[in-house]
Amino acid sequence: MSEKQPNTAVFYRLRDTIRKRIFSGLNEEQFRAAETGQGPVLCLAGAGSGKTMAMVYRILHLYIFGPQYDPKPKLDREPTPAELEQLENWLEENKDNVTKRLPATLLRLIRQDGVSPYSILAITFTNKAAEEMQERLEPMLGSAARDIWVMTFHKACVRILRREIKALGYSSDFTIYDDQDHMQLIKKTVAALDLDDKKYPPRAVSSMISRLKSELKDPASAKKQILDLWEEKVVQVYEIYQRELKKNNALDFDDLIMLTVQLFIKEPDILEYYRKRFQYVLVDEYQDTNHAQYRLISLLAGDHQNIFVVGDDDQSIYGFRQADIRNILDFERDFPGAKIIKLECNYRSTGRILAAANSVISQNLGRKKKTLWTNNPEGERLISYSAQDEQDEARFIGEQITELKQKGENYQDCAVLLRTNAQTRTLEEAFMKAGIPYRIVGGQKFYERMEIKDIMAYLKLLANQADGLSLRRIVNVPRRGIGEATMQKIEQLASLNNCSLFEALRCYASNEIGSKAAKGMLDFILLIERLLEVKEDFSITGLTEKIYAETRYVEILQKENTIEAESRLENLKELLTVTQEYDANNEEKSLSDFLSQVSLVSDLDSYEDVVEAVVIMTMHMAKGLEFGNVFLAGMEEGIFPHSRSVGDGELEEERRLFYVALTRAKKRVYLINARQRNLFGRRSYNQPSRFLEEVPLELAEEFKRKGIFETTYQGKGKNKQDIFRKGFYVLGEKVEHKKWGLGVIVSIRGEDEDCELQIAFPGMGIKTFLARYAPLQKIN
DNA sequence: ATCTTACCGATTTTT
DNA sequence: TCGGTAAGAT
């Protein structure tokens with residue numbers, strides 16, 4: 001017989017139970033990550049260990065219960081019996097299901113000491129990750145979820161900079177240059193300095209400048225650490241490049257981070273404001289942060305030290321983009337008193353896949369020791385297949401996928417992951433032939449298409465007339481008879497008068513009335529001025545349509561009447577869908593805001609796994625995704641590990657990439673190498689990847705093609721005759737004929753031993769044979 | 001100013 | 001092999 005408890009005590013008990021219920025889907029470590037609200041926390045989260053869960057629930061916990069859970073918080077008033085009943089009812093109703101949604105009333109009742117959603121900053125690298133987190137938060141937190149800053153580094157920086165960049169001498173309608181724009185400007189600068197672009201390849205120059213920026217070195221401080229002539233010149237390029245950006249009121253991607261840090265350092269008041277505001281900072285994929293990003297978050301977390309980072313050093317595969325693995329390895333040193341939480345339970349992959357991945361990654365030195373384990377079943381063995389060549393490789397994958405499909409797998413649960421983009425072609429052809437629906441993620445990106453870039457350049461110029469790069473792009477698009485030579489003059493004029501390209505253009509046009517180029521220029525200037533006048537009156541869609549019409553861009557494409565023009569028109573239509581979506585979803589529509597939103601999306605963001613299609617992409621792009629069945633093609637020395645990375649310390653990063661690729665798979669992994677393949681138009685013979693040997697033998701089995709003659713053959717024999725009888729002929733394969741000598745199979749008709757082979761003998765033409773009788777021998 | 005042809009060179013790229 | 005760039009032709 002229990003004594004009648006006061007309402008408050010009952011409330012405490014119920015609240016505690018509800019808390020446990022909400023977090024019941026987490027394992028012990030995840031829960032610890034979620035509830036440790038104060039101080040620095042490093043969460044080492046292995047692949048597939050539910051780190052997003054941990055982050056989402058951490059935010060949830062902060063919002064509802066605050067940084068430090070108090071089971072008996074001070075209440076303003078005693079809860080009413082009706083309220084207690086509500087809580088009890090909820091508990092009763094949600095006895096068995098895992099909580100995905102919390103009703104607002106319940107939230108209001110139990111939320112005590114919870115932090116303001118405005119004080120939480122959750123940073124990711126991809127929009128996709130940010131959206132995923134946001135989507136999971138919304139049903140739990142309701143509208144409060146929208147007040148939390150869950151966004152990418154770059155987006156957060158753009159937000160801050162749009163408000164504060166005046167302090168750095170830019171104006172707030174700055175343009176963001178994408179990689180293409182950036183490269184363009186680098187090339188121009190290299191040329192302007194009269195440097196030989198053989199000795200100073202734009203790519204290398206760009207990567208050096210990018211490195212300097214991610215190390216927070218401005219041109220002045222970069223000058224102090226020059227090692228040789230080459231670097232000296234590059235720093236000169238950097239200096240001019242940076243000046244040029246500022247003149248154009250433009251920022252490249254690296255600037256977004258670097259300038260934000262500079263801003264914080266230069267303006268302590270501004271830093272103070274954001275420090276006060278973001279009391280709780282969370283960072284996803286911490287192993288991928290570069291130095292600038294590290295500085296950014298350490299500045300923000302400066303005094304409160306409430307910083308929570310999740311990452312996996314074993315999944316650091318962006319070293320070439322200045323991701324600094326030391327950030328995660330040194331976290332405990334950088335943030336004294338840091339708590340370490342390891343998430344080692346994998347919910348994704350089968351035991352065998354995980355064992356393979358563990359074994360592979362254990363070869364790397366200098367990592368934080370972690371061993372993933374799982375309660376999942378052992379699963380099937382990994383399958384390896386040694387293909388004749390890339391066609392055979394592609395065909396094998398196609399066949400296996402067809403087989404999987406028959407077993408009830410969906411196409412969208414199959415992924416082919418590649419080391420390089422160049423490997424996609426053969427696969428595409430094979431899939432097309434086999435009638436397998438496929439999708440290539442990460443090829444030509446929407447916003448990188450010519451026609452889209454053209455229209456965007458118009459919009460950019462309208463938003464920011466200082467943007468000379470955009471002006472240059474469109475001044476003669478469509479044709480207005482303004483060529484390179486004329487533009488050179490204008491550019492000179494601009495730098496002479498220290499004015500913008502647009503102003504120089506105006507000046508030139510009014511001075512050279514009558515010349516052909518001036519006529520075109522005048523057309524262009526009037527067009528832009530007309531658009532500038534009305535840009536405030538239109539929605540983004542309206543403005544875009546006006547550009548289509550006034551430039552006659554669409555009209556000209558229509559007249560072209562080619563398939564190419566057709567697809568460009570399609571893209572322009574698609575762009576209108578994008579603008580419409582923006583217009584519909586954004587209250588105060590500003591052109592700059594639209595443009596930055598667009599600048600910060602990637603191809604991967606549009607990737608949804610609902611389409612019935614096999615997905616083909618690079619291993620890099622696959623990070624963070626998962627698939628039932630994963631095919632890793634091109635497991636060859638030179639390709640993977642890539643020849644360029646063998647040698648200097650990058651082998652471990654390649655191995656991490658392999659680890660990432662393996663751990664994408666839930667059920668099946670196929671490892672395929674081709675014994676020969678065309679590489680740069682040359683036939684090359686590659687050894688199987690060393691990584692294959694790092695997969696323990698007992699976890700894998702080799703797939704043997706059931707050849708036409710193989711039914712009875714079980715041979716171990718080494719002699720040529722045996723091998724010759726065992727094989728199955730493959731298109732493109734080299735064979736030796738007793739009489740004709742070396743040849744290549746160019747066609748195979750029919751099945752099994754009845755098939756008819758056409759073989760090309762160099763200098764002797766194509767001969768036809770019946771496989772059954774022909775005295776053929778395979779050449780490896 | 002714009003179109004054509006001969007070279008060269010060739011990872012990965014969240015933003 | 002392909003695609004992007006640089007010099008030559010119209």
Side-chain angles (χ1 to χ4, degrees), chain A residues 123-131 151-158 176-184 187 191 197-198 201-203 206-207 210 213-214 251-258 284-285 287-290 292-293 315-323 390 417-426 441-445 447-448 476 479-487 516-517 520 596-605 607 617-625 634 638-646 650 653-654 656-658 660-661 677-684:
Chain A
I123 301 188
T124 64
F125 273 85
T126 65
N127 295 303
K128 198 168 191 300
E131 273 158 33
M151 56 183 84
T152 62
F153 268 106
H154 296 263
K155 203 173 242 174
C157 288
V158 170
I176 301 167
Y177 280 172
D178 65 19
D179 282 336
Q180 277 181 43
D181 302 332
H182 155 86
M183 207 50 107
Q184 208 85 43
K187 279 182 201 157
D197 59 5
K198 296 268 147 39
R203 263 185 84 97
S206 147
S207 122
S210 175
K213 287 191 177 189
S214 55
L251 275 64
D252 65 18
F253 284 135
D254 295 316
D255 280 344
L256 294 176
I257 315 286
M258 180 174 78
D284 191 17
E285 306 279 20
Q287 77 283 353
D288 290 338
T289 49
N290 62 32
Q293 288 158 337
Q315 290 187 69
S316 162
I317 55 173
Y318 282 105
F320 67 94
R321 290 212 34 178
Q322 280 73 56
E390 70 265 45
L417 306 184
L418 307 164
R419 177 64 239 268
T420 68
N421 286 119
Q423 294 167 253
T424 48
R425 180 163 299 139
T426 351
V441 177
Q444 163 83 290
K445 288 173 201 129
Y447 291 105
E448 284 172 9
N476 202 28
R479 296 269 127 83
R480 297 187 181 95
I482 306 164
E484 195 41 46
T486 322
M487 282 317 289
K516 205 167 67 193
S596 50
Q597 224 173 86
V598 165
S599 306
L600 300 178
V601 302
S602 82
D603 201 40
L604 192 70
D605 297 328
Y607 167 73
M617 62 171 112
T618 62
M619 298 173 185
H620 282 91
M621 298 222 84
K623 200 178 95 180
L625 305 177
I639 292 181
F640 192 33
H642 196 277
S643 48
R644 304 267 291 236
S645 57
V646 181
E650 288 178 53
E653 180 150 316
E654 293 282 292
R656 288 194 290 269
L657 185 58
F658 184 37
V660 167
R677 74 167 68 233
N678 274 337
L679 225 55
F680 309 138
R682 231 181 195 57
R683 202 100 195 118
S684 53

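Chain letters run A, B, ... following the sequence lines, proteins first and then strands; every chain starts at 1. Remember, predicted model here, so these are calculated numbers, not experimental data.
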Taking the minimum atom-to-atom distance to the side chain of His154(A), which one of dT15(B), dT14(B), dA1(B) wins? dT15(B)

So, Ser214(A) versus Asp254(A): side-chain donor-acceptor pair below 3.5 Å or not? no

Look at all strands and tell whether Ser599(A) reaches a base, only sugar-phosphate, or nothing, counting heavy atoms closer than 4.0 Å. nothing

In whole angstrom, what separates Leu657(A)'s CG from dT11(B)'s P? 15 Å

Are any non-hydrogen side-chain atoms of Phe640(A) and Met619(A) less than 4.5 angstrom apart? yes

Between OH of Tyr607(A) and C1' of dT14(B) the distance, given in whole Å, is 16 Å

Main chain of Ser684(A), side chain of Asn678(A): is a donor-acceptor contact present, judged purely on distance under 3.5 Å? no

Could you go step by step and tell me if His154(A) and Phe125(A) meet the ring pair (Phe, Tyr, Trp, His ring centres under 6.0 Å) rule? CA-CA 8 Å; His154(A) 296 263; Phe125(A) 273 85; 7.8 Å; no

Describe the nucleic acid contact of Arg480(A) in one word from base, sugar-phosphate, nothing, applying a heavy-atom distance below 4.0 Å. nothing

Quick one: is dT2(B) close enough that its OP1 or OP2 comes under 4.0 Å of any side-chain N or O from Asn476(A)? yes

Separation of dG9(B) C1' from Arg203(A) CZ (nearest whole Å): 11 Å

Reckon Met619(A) touches a base, only the sugar-phosphate, or nothing at all at heavy-atom distances under 4.0 Å? nothing

Heavy atoms of Ile317(A) and Asp288(A) approach each other most closely as N-OD1, 4.2 Å

Could you tell me how far apart Met617(A) (CE) and dT14(B) (P) are, to the nearest whole angstrom? 12 Å

Which comes earlier along DNA chain B counting from the 5' end, the contact point of Gly681(A) or that of Thr152(A), where each point is its nearest nucleotide? Gly681(A)

Give the rounded distance in Å between these two atoms: CG of Asp254(A) and P of dT14(B). 13 Å

Please report the C-alpha distance between Lys128(A) and Glu131(A) in whole Å, then the side-chain angles of each, then the deciding distance to 0.1 Å, and finally whether the salt bridge (charged side-chain N to carboxylate O under 4.0 Å, His left out) criterion is met. CA-CA 5 Å; Lys128(A) 198 168 191 300; Glu131(A) 273 158 33; over 6 Å; no

Counting the atoms with a prime plus P, OP1 and OP2 as sugar-phosphate, which does Asp179(A) contact under 4.0 Å by heavy atoms, base, sugar-phosphate, or nothing? base

Taking the side chain of Lys623(A) as heavy atoms from C-beta outward, which of dT12(B), dT15(B), dT14(B) is closest to it? dT14(B)

Chi class for dT11(B): syn within 90° of 0, otherwise anti: syn

Record whether the side chain of Arg644(A) comes under 3.5 Å of the base of dT11(B) through a donor-acceptor pair of N or O atoms. no

Looking for any heavy atom pair under 4.0 Å, which part of the strands does Glu654(A) touch: base, sugar-phosphate only, or nothing? base

For atom CD of Glu448(A) and atom P of dT13(B), their distance in whole Å: 11 Å

Considering only heavy atoms of chain A and a distance under 4.0 Å, specify the first and last nucleotide of DNA chain C in 5' to 3' order that meet this criterion. dT1(C) to dA6(C)

Give the intermediate values and the outcome of side-chain hydrogen bond (donor to acceptor under 3.5 Å, both in side chains) for residues Ser206(A) and His182(A). CA-CA 8 Å; Ser206(A) 147; His182(A) 155 86; 2.9 Å; yes

Rounded to whole Å, please give me the gap between CD in Gln322(A) and P in dT15(B). 17 Å

Categorize Asn127(A) for me: base, sugar-phosphate, or nothing, with a 4.0 angstrom heavy-atom threshold over every strand shown. sugar-phosphate

Once you apply a heavy-atom cut-off of 4.0 Å, does Asp197(A) come out as touching a base, just sugar-phosphate, or nothing? sugar-phosphate

Does a nitrogen or oxygen in the side chain of Asn421(A) sit under 4.0 Å from OP1 or OP2 of dT13(B)? yes

Quick check against the 3.5 Å criterion: does Asn476(A) have a side-chain atom that pairs as donor or acceptor with the backbone of Arg479(A)? no

Please tell me if Ser643(A) has a side-chain N or O lying less than 4.0 Å from either OP1 or OP2 of dT11(B). no

At under 4.0 Å between heavy atoms, what does Tyr318(A) touch on the DNA or RNA strands: base, sugar-phosphate, or nothing? base

Which nucleotide wins on minimum distance to the side chain of Arg479(A), given the candidates dT11(B), dT2(B), dT14(B)? dT2(B)

Could you work out which one of dA10(B), dT13(B), dA1(B) sits closest to the side chain of Phe680(A)? dA10(B)

Lys445(A) NZ to dT14(B) P: how many Å, rounded? 4 Å

Heavy-atom side-chain proximity of Phe153(A) to Ile257(A) below 4.5 angstrom: yes

Stacking check: are the rings of His620(A) and dT12(B) less than 5.5 Å apart at their centres and under 30 degrees in tilt? no

Thr618(A) vs dT11(B): side-chain N/O to OP1/OP2 distance below 4.0 Å: no

Applying a 4.0 Å non-hydrogen cut-off, can you work out what Arg425(A) is touching in the nucleic acid: base, sugar-phosphate, or nothing? sugar-phosphate

